[in-house]
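In the text below, chain A, chain B and the rest are named by the order of the sequence lines, each starting its count at 1.
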Number of protein chains: 2
Amino acid sequence: MTNAVAAITALADPTRRKIFERIAAHPSAVGALADGLPVSRPAVSQHLRVLKDAGLVDDEAQGTRRIYRVRQEGLADVRAYLDQFWDQSLAAFRDLAESEDA
Amino acid sequence: MTNAVAAITALADPTRRKIFERIAAHPSAVGALADGLPVSRPAVSQHLRVLKDAGLVDDEAQGTRRIYRVRQEGLADVRAYLDQFWDQSLAAFRDLAESEDA
DNA sequence: GCTAACGGTAAGCCATGACGAACGCAGTCG
DNA sequence: CGACTGCGTTCGTCATGGCTTACCGTTAGC
């Protein structure tokens, strides 16, 4: 999927990965994430936007706060994307072995 | 694993992803990869180094050529890394549901 | 209504890293 | 032993993108 590519790109950044890890451990609001991270709140907000666009997280409004949580489908997409390479490379090995037998 | 992080970072680059896709479909040499890609051979060589350091590919010398192929363990590491988030987020949902019941 | 809390957005700065050109090294063939 | 092929490496350049500061919209409480 094209979303899997965006997800992988999103998770490539250390700070964004840290944010995602915290959300996975416990859904939380933007401010709570910014505390305990060495970056400003706007930076966290920007990262969350990228994660959301990649389909890795979802947000829910609770009063003035927005609670972010992991979106399982996003992880599933990445997994499917990787499995495709797994299958392809296995098939390539089989073809190679057959051609060598000949 | 710490290698999974390197692998994700490696796959975040479009060119590097393209190279990895081609290798998955068919193990090949550096020159063959450079042909059919809009970048120079040294660039491909650098990308291959990153992919190799990340544990995503392996190389085998064949005369003056080096054949690169997918390293399945690398993909497995990334998969395990993602599954960890999957499990964590599921557990977090359970805990949240329980606390709401009280 | 006013004020404060919580978040998203815009603009600008700066570090990271992807790229090509030039070079060096190993292996093959005559 | 030359000459050629196939790769890796270094270096300098330039674009991408992550960060902060300042600002604006929205919601809850008085």
Side-chain angles (χ1 to χ4, degrees), chain A residues 2-23 26-71 74 78 96, chain B residues 2-23 26-71 96:
Chain A
T2 180
N3 250 14
V5 169
I8 291 178
T9 306
L11 289 179
D13 181 75
T15 303
R16 211 145 48 210
R17 214 164 37 232
K18 202 101 174 183
I19 293 176
F20 185 72
E21 290 175 2
R22 308 242 173 149
I23 293 179
H26 182 61
S28 20
V30 180
L33 289 170
D35 303 342
L37 283 180
V39 295
S40 67
R41 188 190 50 71
V44 173
S45 190
Q46 289 169 353
H47 284 307
L48 285 171
R49 173 151 175 70
V50 175
L51 288 172
K52 185 178 177 182
D53 287 348
L56 283 173
V57 300
D58 253 345
D59 60 336
E60 177 191 2
Q62 281 194 6
T64 66
R65 297 191 293 184
R66 304 193 72 86
I67 308 299
Y68 282 82
R69 56 182 177 77
V70 168
R71 185 170 167 276
V78 177
L96 192 64
Chain B
T2 181
N3 251 13
V5 168
I8 291 178
T9 305
L11 290 178
D13 181 74
T15 303
R16 212 146 46 209
R17 214 164 36 232
K18 203 101 175 183
I19 293 176
F20 185 72
E21 290 174 2
R22 308 243 173 149
I23 293 180
H26 183 60
S28 20
V30 180
L33 290 170
D35 301 343
L37 283 180
V39 294
S40 67
R41 189 189 52 72
V44 173
S45 190
Q46 290 169 349
H47 285 307
L48 285 171
R49 172 149 174 71
V50 175
L51 289 172
K52 185 179 178 183
D53 287 348
L56 284 173
V57 301
D58 253 346
D59 59 337
E60 178 192 0
Q62 281 195 6
T64 65
R65 296 191 295 183
R66 304 192 71 85
I67 308 299
Y68 283 82
R69 54 182 178 78
V70 167
R71 184 171 167 273
L96 192 64

Locate the shortest heavy-atom distance separating [X] from [Y]; write the atom from each residue and the value.
X: Arg71(B); Y: Gly55(B); answer: NH1-O, 2.8 Å
X: Asn3(A); Y: Asp53(A); answer: OD1-O, 4.2 Å
X: Leu11(A); Y: Arg17(A); answer: O-NH1, 3.0 Å

Is there a side-chain contact between Ile23(A) and Leu48(A) (heavy atoms, below 4.5 Å)?
yes

May I have the distance from [X] (atom [atom1]) to [N] (atom [atom2]), rounded to whole angstrom?
X: Arg41(B); N: dA18(C); atom1: CZ; atom2: C1'; result: 16 Å
X: Arg17(A); N: dG18(D); atom1: CZ; atom2: C1'; result: 14 Å
X: Leu37(A); N: dT20(D); atom1: CG; atom2: P; result: 11 Å
X: Leu48(B); N: dG8(D); atom1: CG; atom2: C1'; result: 11 Å
X: His47(B); N: dG20(C); atom1: NE2; atom2: C1'; result: 12 Å

For Tyr68(A), the option from Val30(A), Asp58(A), Ile19(A) that meets side-chain contact (heavy atoms from CB on, under 4.5 Å):
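Of the listed options, the one satisfying the test is Val30(A).
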
So how far is it from [X] [atom1] to [Y] [atom2], rounded to the nearest 0.5 Å?
X: Gln62(A); Y: Arg66(A); atom1: CD; atom2: CZ; result: 10.5 Å
X: Leu51(B); Y: Asp13(B); atom1: CG; atom2: CG; result: 9.0 Å
X: Leu33(B); Y: His47(B); atom1: CG; atom2: NE2; result: 11.5 Å
X: Leu37(A); Y: Lys18(A); atom1: CG; atom2: NZ; result: 7.5 Å

Pick base, sugar-phosphate or nothing for [X], based on heavy-atom distances below 4.0 Å to the nucleic acid.
X: Arg16(B); answer: sugar-phosphate
X: Ala43(A); answer: base
X: Ala29(A); answer: sugar-phosphate
X: Pro14(A); answer: nothing

Give, ordered by number, those residues of residues 63-71 of chain A having at least one heavy-atom distance below 4.0 Å to an atom of DNA chain C; if nothing qualifies, reply none.
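Under 4.0 Å from DNA chain C: Thr64(A), Arg65(A), Arg66(A), Tyr68(A).
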
Strand-adjacent residues in residues 49-60 of chain B, judged by heavy atoms under 4.0 Å from DNA chain C:
none

Thr9(B) side-chain N/O to Val5(B) backbone N/O, donor-acceptor pair under 3.5 Å:
yes

Verify, without hydrogens or angle tests, whether Arg16(A) (side chain) and Ala10(A) (backbone) share a donor-acceptor contact under 3.5 angstrom.
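Side chain of Arg16(A) to backbone of Ala10(A), a donor-acceptor pair under 3.5 Å: yes, one is there.
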
Distance below 4.0 Å between Ser40(A) side-chain N/O and dT20(D) OP1 or OP2
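Yes, because at least one side-chain N or O of Ser40(A) sits under 4.0 Å from OP1 or OP2 of dT20(D).
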
I want to check one thing: is the phosphate of dT9(D), taken as OP1 and OP2, less than 4.0 Å away from some side-chain N or O of Ser45(B)?
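False: Ser45(B) side-chain N/O out of range (4.0 Å or more) of dT9(D) OP1/OP2.
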
Between the protein and nucleotides 10-16 of chain D, are there any N/O to N/O pairs under 3.5 Å, and if so, what are the atom names and distances?
unit_1, atom_1, unit_2, atom_2, d
dT10(D), O4, Gln46(B), NE2, 3.4

